[in-house]
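Notes follow once the structure below has been shown.
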Amino acid sequence: MKRLFCMFFCLICLNAISQDLTTKQGESILPEQGDWSIGTTAHPLINFVSNIFSESASSATMPSFGDDLYFYMKRLTSPNRAVRYMFGANFNMHEETWNIGLGYGVERRKGNTRLQGMWGYRGFFSVGDTFDSADLLSIPTAIYEDSYNMNMNMGIFIGCEYFVLAKIAIGAEYHYGCTFSINDNESSFNIGGNANATTMKINFYF
């Protein structure tokens, strides 16, 4: 993740001189109250680009459903507040495992330049299991069998995003919280662990 942050902050530094908040056509660069946003995690693509320059081309693999892919929607209910919705999925065809989940959160925002700070809280619920690749219909019925996993995650986040173009931003967030998990009818509770994560995102506002 250190390489990801280096690339992110280098991009901010390269564009730091340009703080115009409108385009030549007069369009606002920053999001406004009532705007929606669609975003996704950016680290699978950034890792791929980074690997091209640090490894041989034959060892660099394209992003796929083997990566954790998270999709975000949010709506700015005021200039300083947004409501978040999240969908996450992971399908690993090699290990024949899958996970899928939904989340909700509230975001507070601060900043009057291209660089915006944000913080807030969120919750996430997911289920998953192994599946038989010969019968993909086993995925929706797996949770009724003995082997399955369920996770409930609650936590806080802090981060920032930088608007490289009009209403298009890249950002980084740090999440910390607690997770209640059930795996094959055995439950566990931990603080931190897989609830402690850093993510890179790209958001499109409209």
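These values consider heavy atoms only, across backbone and side chains, with no hydrogens, waters or symmetry-generated copies.
- In terms of the side-chain hydrogen bond (donor to acceptor under 3.5 Å, both in side chains) criterion, Arg75 has no residue partners (sequence neighbours excluded).
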Where do Lys201 and Glu161 land on the salt bridge (Lys or Arg N to Asp or Glu O under 4.0 Å) test, with the steps shown first? CA-CA 8 Å; Lys201 301 195 307 181; Glu161 60 182 7; over 6 Å; no
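- Residues Leu102 and Phe87 come closest through the heavy atom pair CD2-CD1, 3.9 Å.
- Side-chain contact between Val127 and Ile100: present, with at least one pair of heavy atoms (C-beta onward) separated by less than 4.5 Å.
- Under the 4.5 Å side-chain heavy-atom criterion for grouping Ile, Leu, Val, Met, Phe, Trp and Tyr, Val106 is not connected to Tyr176 through any hydrophobic cluster.
- Annotation: side-chain hydrogen bond (donor to acceptor under 3.5 Å, both in side chains) contacts of Glu107 (sequence neighbours excluded): Lys74, Arg84, Arg109.
- Note: Glu32 CD to Tyr205 OH = 12.5 Å, rounded to the nearest 0.5 Å.
- The two residues Pro79 and Gln33 make their nearest non-hydrogen contact at CD-OE1, 3.5 Å.
- Phe71 and Phe125 fall within a single hydrophobic cluster, where Ile, Leu, Val, Met, Phe, Trp and Tyr are joined by side-chain heavy atoms under 4.5 Å apart, directly or via other members.
- Take Asn99 and apply the side-chain contact (heavy atoms from CB on, under 4.5 Å) test, not counting sequence neighbours, and it matches Asn149.
- By the ring-ring contact (aromatic ring centres under 6.0 Å, His included) test, Phe204 pairs with no residue at all, sequence neighbours left out.
- How far SG of Cys160 is from CE of Met118: 6.5 Å, rounded to the nearest 0.5 Å.
- Taking each heavy atom of Val164 and Arg114 in turn, the nearest pair found is O-NH1, 3.6 Å.
- Rounded to the nearest 0.5 angstrom, Ile29 CD1 and Thr22 OG1 are separated by 6.5 Å.
- Neither Leu165 nor Ile38 shares a network with the other; the hydrophobic side chains, linked directly or stepwise wherever heavy atoms of I, L, V, M, F, W or Y lie under 4.5 Å apart, form separate groups for each.
- Looking only at atom types and distance, the side chain of Thr179 has no donor-acceptor partner in the side chain of Asn151 under 3.5 Å away.
- Partners of Phe180 by side-chain contact (heavy atoms from CB on, under 4.5 Å), not counting sequence neighbours, listed by chain and number: Met152, Ile182, Ser187, Phe189.
- Ser28 and Ala166 get closest at one heavy-atom pair: O-CB, 4.1 Å.
- Rounded to the nearest 0.5 angstrom, Tyr174 OH and Ile156 CD1 are separated by 8.5 Å.
- Take Asp35 and apply the side-chain hydrogen bond (donor to acceptor under 3.5 Å, both in side chains) test, not counting sequence neighbours, and it matches Lys167.
- With hydrophobic clusters built from ILVMFWY side chains whose heavy atoms lie under 4.5 angstrom apart, Leu21 shares a cluster with Phe163.
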Checking Lys110 against Trp119 for the side-chain contact (heavy atoms from CB on, under 4.5 Å) test, could you report, in this order, the C-alpha distance in whole Å, the side-chain angles of both residues, the deciding distance, and whether it holds? CA-CA 9 Å; Lys110 183 74 174 177; Trp119 65 95; 3.7 Å; yes
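- By the criterion of side-chain heavy atoms lying less than 4.5 angstrom apart, applied directly or through intervening Ile, Leu, Val, Met, Phe, Trp or Tyr residues, Phe157 is not grouped with Met200; the two fall into different hydrophobic clusters.
- The two residues Tyr104 and Val83 have their closest heavy-atom pair at CE1-CG1, 3.4 Å.
- To the nearest 0.5 angstrom, Thr40 atom OG1 is 9.0 Å from Ile202 atom CD1.
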